Amino acid sequence: KLAWTDKNWAAAGLYFEMATEHDPTHANAHYGLGMYYRIKGDQARDRKLIDRAGLQFQAALRAEPDHKEARKALDDLTARGWKPPPPATK
């Protein structure tokens with residue numbers, strides 16, 4: 001959380017990623033990782049990062065359906081026209 005507060009986005013992203021790998025049901029970690037991807041995606045105008053953000057917000061809501069921040073972030077992306085990417089094909 002300190003890396004996030006200090007706006008050290010790269011470190012924050014790494015910490016949130018490690019937290020989601022350690023505990024895939026950690027809603028706040030998914031939300032934090034989603035915010036990292038959203039910030040980076042908005043800065044770079046990178047659709048793939050925005051997609052990753054949306055998927056992380058969805059993961060946060062699967063882990064904790066009443067997660068207000070994740071719901072708001074996902075609603076914001078949806079209002080901006082975001083739709084989940086199609087499943088990867090093998």
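Note that this is a predicted model, so its numbers are computed, not measured. Only this structure's heavy atoms are used, side chains among them; waters, hydrogens and symmetry mates stay out.
Each salt bridge (charged side-chain N to carboxylate O under 4.0 Å, His left out) pair with one or both residues in residues 25-40, not counting sequence neighbours, appears once here: Arg38-Asp42, Arg38-Asp76. Among residue pairs with one or both ends in residues 43-53, those qualifying as salt bridge (charged side-chain N to carboxylate O under 4.0 Å, His left out) are Arg47-Asp51; sequence neighbours excluded. Every pair passing salt bridge (charged side-chain N to carboxylate O under 4.0 Å, His left out) that includes a residue from residues 60-73 is listed here, sequence neighbours excluded: Arg71-Asp75. Evaluation of the side-chain hydrogen bond (donor to acceptor under 3.5 Å, both in side chains) test over residues 25-35, restricted to residues two or more places apart or in two chains, returns Asp23-Thr25, Asn28-His67, His30-Gln56.
Qualifying side chain to side chain contact (heavy atoms under 4.5 Å, CB included) partners for Pro24, counting only residues two or more places apart in sequence or in other chains: none.
Between Leu74 and Gly54, the shortest heavy-atom contact is CD1-O, 4.0 Å. Closest of all the heavy-atom pairs between Gly41 and Leu49 is CA-CB, 3.6 Å. Across every non-hydrogen atom of Ala29 and Ala19, the tightest pair is CB-CB, 3.6 Å.
No single ILVMFWY cluster, assembled from side-chain heavy atoms under 4.5 Å apart, contains both Met35 and Leu55.
In this structure, OG1 on Thr78 lies 10.0 Å from CZ on Phe57, to the nearest 0.5 angstrom.
Trp82 places a side-chain heavy atom less than 4.5 Å from the side chain of Ile50.
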